[in-house]
Protein chains: 2
Amino acid sequence: MSQIPHTSAERPVPTSADVARLAGVSRATVSYVLNGTSAVRISEATRIRVREAADELGYIPHAAARSLRSGSSRMVLLPASPVPVGPLYSRFFNEFQWALRRFDYTVVQYGSLGLSPDEAARAWAELRPVAVVGLGGPQLTAAGIQLLRRSGVKAVITLGPEPVAGAHALAMDHRQVGLCAGAHLLERGRRRIGVVVPREPGLEMFSQPRLAGVRAAVEGSGATVEPLALSYDEESAAALAERWPALGLDAVFAYNDEYAMLLMRALQDRGIDIPGECAVMGADDLLLGRLLRPRLSTVQLDMATGQQLAELVERVVRDPGGEPERHDMMAARAIPRESTQPGRRAPAHT
Amino acid sequence: MSQIPHTSAERPVPTSADVARLAGVSRATVSYVLNGTSAVRISEATRIRVREAADELGYIPHAAARSLRSGSSRMVLLPASPVPVGPLYSRFFNEFQWALRRFDYTVVQYGSLGLSPDEAARAWAELRPVAVVGLGGPQLTAAGIQLLRRSGVKAVITLGPEPVAGAHALAMDHRQVGLCAGAHLLERGRRRIGVVVPREPGLEMFSQPRLAGVRAAVEGSGATVEPLALSYDEESAAALAERWPALGLDAVFAYNDEYAMLLMRALQDRGIDIPGECAVMGADDLLLGRLLRPRLSTVQLDMATGQQLAELVERVVRDPGGEPERHDMMAARAIPRESTQPGRRAPAHT
DNA sequence: TTGAAAGCGATACCAA
DNA sequence: TTGGTATCGCTTTCAA
């Protein structure tokens with residue numbers, strides 16, 4: 001009864017039936033025109049009428065209805081990372097999404113913070129994506145992968161360092177990072193190497209392989225490796241610096257450039273000379289490493305390109321039957337700078 | 001004909017009809033049991049039979065079918081940011097998603113890199129989300145918002161500094177940041193203030209209001225404000241430092257802590273004393289600012305909590321008719337450290 | 001307490 | 001060249 005002025009907010013959302021009615025054709029014809037179905041020939045006049053009707057109504061197809069009917073969603077689901085990703089990952093993800101869109105996929109990130117792996121997998125499966133691409137480890141377990149496959153997901157691809165049963169893997173082997181760092185420090189004559197392992201949850205997936213890499217690098221050299229837990233705050237760094245003399249280390253690989261900066265500052269504040277008394281090495285080659293004094297030696301990563309990964313997705317979706325493939329797609333190399341230089345004191349500040 | 005051994009990969013995805021068949025009941029009963037419909041009483045025996053059948057088949061409901069039938073998706077869509085977000089935003093987003101899930105929403109991020117605003121809005125609308133929450137500005141335009149509303153989106157909420165027509169706004173007014181910084185620098189006796197404006201695209205939305213805030217702060221004080229374009233790389237910073245003497249500035253507000261670190265290093269390398277000759281101020285209160293020498297003064301932001309935003313979403317979805325609300329939800333305050341201290345030289349390095 | 005059946009929106013086969 | 005219609009998986013009203 002009461003006429004609501006609501007700026008027409010109550011107007012129902014137009015469907016293809018509305019378009020058909022306005023254009024004076026059937027819904028089938030609307031579908032043909034709007035999807036450019038080549039198997040059927042429609043007169044130019046009708047095409048135009050349909051298009052105009054769709055425009056006038058502001059018609060937008062309903063993805064759920066379409067995928068229900070067609071049986072496939074062309075949706076690629078990426079479990080969103082709960083930890084802030086660095087510029088490296090960010091660039092990779094952007095590339096990846098862009099490449100997937102060229103293959104006509106819809107890319108969607110689904111955050112599952114606070115969900116158990118099983119709950120998360122269930123939630124993802126409800127969306128019936130055609131592919132799931134995520135970090136392995138706690139996020140994407142073997143059980144979760146099985147569940148996804150049962151609910152019609154054609155391609156499950158993990159990016160983690162460890163391949164997971166049942167999924168294709170784009171193995172970004174972070175041991176390479178540790179190997180590089182370890183080899184570089186050995187070469188510089190360091191013998192007692194500390195390795196920072198962040199206390200922050202969710203990072204074990206990267207930190208453990210990096211630690212293992214350092215261990216592998218020093219294997220048989222007589223050098224020793226000492227894991228050092230560190231939280232990303234000043235107190236933790238200060239406490240570690242306090243213990244430093246007792247540890248008797250002459251080098252430290254600090255997980256990444258940010259932890260390296262944190263620890264290096266704490267060590268310098270305790271009067272420990274870098275690199276004279278202790279070499280410090282980071283990873284990820286962030287800009288900040290070049291801004292520090294001494295300049296921070298680091299490990300640079302070449303990650304897989306998003307394009308490559310998108311091609312893998314497309315291939316696996318097309319042929320879901322194949323055996324899980326495993327691709328190694330990470331190269332690492334040491335970038336020596338001042339913080340690991342042998343036999344000299346840090347340059348004085350200007 | 002040909003029996004395919006494919007590890008049962010070809011097995012069709014179970015539907016509620018399969019569950020019904022296995023449990024020996026109708027699909028209606030399955031729906032009642034699995035959704036815990038309270039209006040209908042089902043005997044305990046059947047409930048158990050249905051649950052067991054569902055478990056055995058690994059049945060997972062089809063979200064698209066459900067939302068098609070029910071007419072609403074309970075999906076909240078967040079346009080994903082193409083630029084890597086800092087720890088501040090990351091924490092906020094996590095909180096927000098968590099809170100939304102408590103309201104039984106499904107949160108999905110949709111990246112639209114390389115899509116025009118109109119194309120992006122169309123792509124979002126196809127998913128028929130119940131709400132869209134995004135940064136305003138180039139991402140979410142007035143036209144896009146209208147399109148979304150027409151396709152049934154109940155709540156469109158922008159987070160940007162500027163409210164956009166037709167959307168509710170949780171205005172995070174970044175002018176506050178500039179105001180704080182400007183006021184702090186004035187109070188410290190600085191008169192010629194440079195303001196770094198990042199050249200990186202996508203940041204104007206924040207950098208322009210921050211600049212405007214500084215301008216507002218110095219209004220009438222006789223102090224001057226000089227915008228300084230800067231890219232996030234060493235060359236750009238070195239070039240700016242080169243021009244520094246000619247600029248004759250005695251303070252600079254560097255957009256955020258990272259740009260501040262970049263510029264401060266370049267200035268120090270040119271032999272310019274911080275804060276003696278020039279005060280440097282950052283924003284976002286990152287850990288790295290405390291690790292620099294001199295320690296970096298900064299502006300700390302209190303962003304809206306995710307809980308608050310989730311409540312706004314829920315409220316607007318429940319009552320979509322209301323006038324667009326505008327909430328101001330950002331407070332900022334200066335955190336003075338060494339890099340803006342008056343009348344003294346930087347402390348010597350140990 | 002349970003089942004039959006309508007229908008959400010879009011697509012594609014078969015007829016006309 | 002175009003239209004009628006069955007169908008995808010699920011919810012929900014109405015009957016039994």
Side-chain angles (χ1 to χ4, degrees), chain A residues 12-50 53-54 57-75 106 125-130 150-152, chain B residues 12-50 53-54 57-75 106 125-130 150-152:
Chain A
V13 179
T15 73
S16 76
D18 297 321
V19 177
R21 199 153 29 235
L22 183 60
V25 299
S26 76
R27 291 158 65 220
T29 308
V30 171
S31 175
Y32 292 143
V33 172
L34 264 34
N35 295 312
T37 311
S38 50
V40 185
R41 300 212 59 77
I42 305 275
S43 72
E44 197 54 30
T46 338
R47 302 179 96 93
I48 291 177
R49 277 219 316 288
V50 169
L57 293 175
Y59 168 71
I60 290 184
H62 192 307
R66 173 181 294 179
S67 80
L68 182 57
R69 174 61 237 229
S70 74
S72 152
S73 62
R74 288 204 75 74
M75 173 196 287
T106 294
E126 289 189 354
L127 298 178
R128 297 290 195 273
V130 71
R150 278 210 204 306
S151 59
Chain B
V13 179
T15 73
S16 76
D18 297 322
V19 177
R21 198 152 30 236
L22 183 59
V25 298
S26 77
R27 290 157 65 221
T29 309
V30 172
S31 175
Y32 292 143
V33 173
L34 264 34
N35 295 314
T37 311
S38 50
V40 185
R41 302 212 60 77
I42 306 276
S43 72
E44 196 53 32
T46 14
R47 302 180 96 90
I48 292 176
R49 278 220 315 289
V50 169
L57 294 175
Y59 168 70
I60 289 183
H62 192 307
R66 170 180 294 175
S67 79
L68 183 57
R69 174 62 235 231
S70 73
S72 153
S73 64
R74 291 205 73 75
M75 173 196 286
T106 293
E126 288 190 354
L127 297 178
R128 296 288 194 274
V130 70
R150 278 211 205 305
S151 58

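In what follows, chains carry the letters A, B, and so on, assigned in the order in which the sequence lines appear, proteins first and then strands, with residues in each chain numbered from 1.
- Scanning all heavy atoms of the two residues, the minimum distance from A:T15 to A:Y59 falls at C-CE1, 3.5 Å.
- D:dT11 atom P lies 8 Å from atom CG of B:L34, rounded to whole Å.
- Between A:S43 and D:dT1, a side-chain N or O to OP1/OP2 separation shorter than 4.0 Å is absent.
- For A:R21 and C:dG9, the CZ to C1' distance is 13 Å, given to the nearest whole Å.
- Counting to the nearest Å, the C1' atom of D:dC10 and the CG atom of B:L57 are 16 Å from each other.
- Heavy atoms of B:T46 sit under 4.0 angstrom from primed sugar atoms or phosphate atoms, though from no base atom.
- DNA chain C is contacted by both B:R47 and A:P61; B:R47 maps to the nucleotide lying nearer its 5′ end (nearest heavy atom per residue).
- An OP1 or OP2 oxygen of C:dA10 is reached within less than 4.0 angstrom by no side-chain nitrogen or oxygen of A:N35.
- For B:R41 against C:dT1, a side-chain-to-base donor-acceptor contact under 3.5 Å is absent.
- Considering every non-hydrogen atom in both A:R128 and A:S73, the closest pair reads O-OG, 2.8 Å.
- Here B:S31 lies in heavy-atom contact (under 4.0 Å) with a base.
- Between B:R66 and D:dT11 there is a side-chain polar atom (N or O) within less than 4.0 angstrom of OP1 or OP2.
- Separating the NE2 atom of A:H62 from the C1' atom of D:dG9 is a distance of 13 Å, rounded to the nearest angstrom.
- In terms of heavy atoms, A:V25 sits closest to A:R49 at CG1-NH2, 3.6 Å.
- Contact between A:P129 and A:A125 at its shortest, heavy atoms only, is CD-O, 4.3 Å.
- For the residue pair A:S67 and B:A64, the shortest heavy atom distance occurs at OG-CB, 4.1 Å.
- OP1 or OP2 of C:dG3 lies within a sub-4.0 Å distance of a side-chain N or O belonging to B:T29.
- Across every non-hydrogen atom of A:D18 and A:V13, the tightest pair is OD2-O, 4.0 Å.
- Taking side-chain N and O atoms only, B:S67 has no distance below 4.0 Å to OP1 or OP2 of C:dC8.
- Judged by closest nucleotide on DNA chain D, B:A65 is the one of B:A65 and B:T37 placed further toward the 5' end.
- Comparing D:dT5, C:dA6, D:dG3 by their nearest atom to the side chain of B:R69 picks out C:dA6.
- Expressed to the nearest 0.5 Å, how far OG1 of B:T106 lies from CE of B:M75 amounts to 7.0 Å.
- Comparing the local axis fitted to the first five base pairs of the helix from C:dT1-D:dA16 to C:dA16-D:dT1 with the one fitted to its last five gives a bend of 50°, rounded to 10°.
- Listed candidates were D:dC8, C:dT11, D:dG3. Nearest to the side chain of A:L68 is D:dC8.
- Residue contacts shown for B:V25 are limited to sugar-phosphate atoms, with no base heavy atom under 4.0 Å away.
- One interatomic measurement links the two molecules: CZ of A:R27 to P of D:dT2, which rounds to 18 Å at whole-angstrom precision.
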Shorter than 3.5 Å, N or O on both sides, protein versus nucleotides 13-16 of chain C: list them out with atom names.
unit_1, atom_1, unit_2, atom_2, d
C:dC13, N4, A:Y32, OH, 2.3

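- Applying the side-chain contact (heavy atoms from CB on, under 4.5 Å) test between B:P14 and each of B:I60, B:L57, B:L22 identifies B:L57 as the sole match.
- A:T15 comes within contact range of the sugar-phosphate backbone alone, with a heavy-atom separation under 4.0 Å but no base atom that close.
- Annotation: side chain to side chain donor-acceptor pair (under 3.5 Å) contacts of B:S43 (sequence neighbours excluded): B:T46.
- We find that CD of B:E126 is positioned 13 Å from C1' of C:dG9, with the value rounded to whole Å.
- Between B:H62 and A:L68, some side-chain heavy-atom pair lies under the 4.5 Å cut-off.
- Between the CD1 atom of B:I48 and the P atom of C:dT1 there is a distance of 15 Å, given to the nearest Å.
- Between the CZ atom of B:R27 and the CZ atom of B:R21 there is a distance of 9.5 Å, given to the nearest 0.5 Å.
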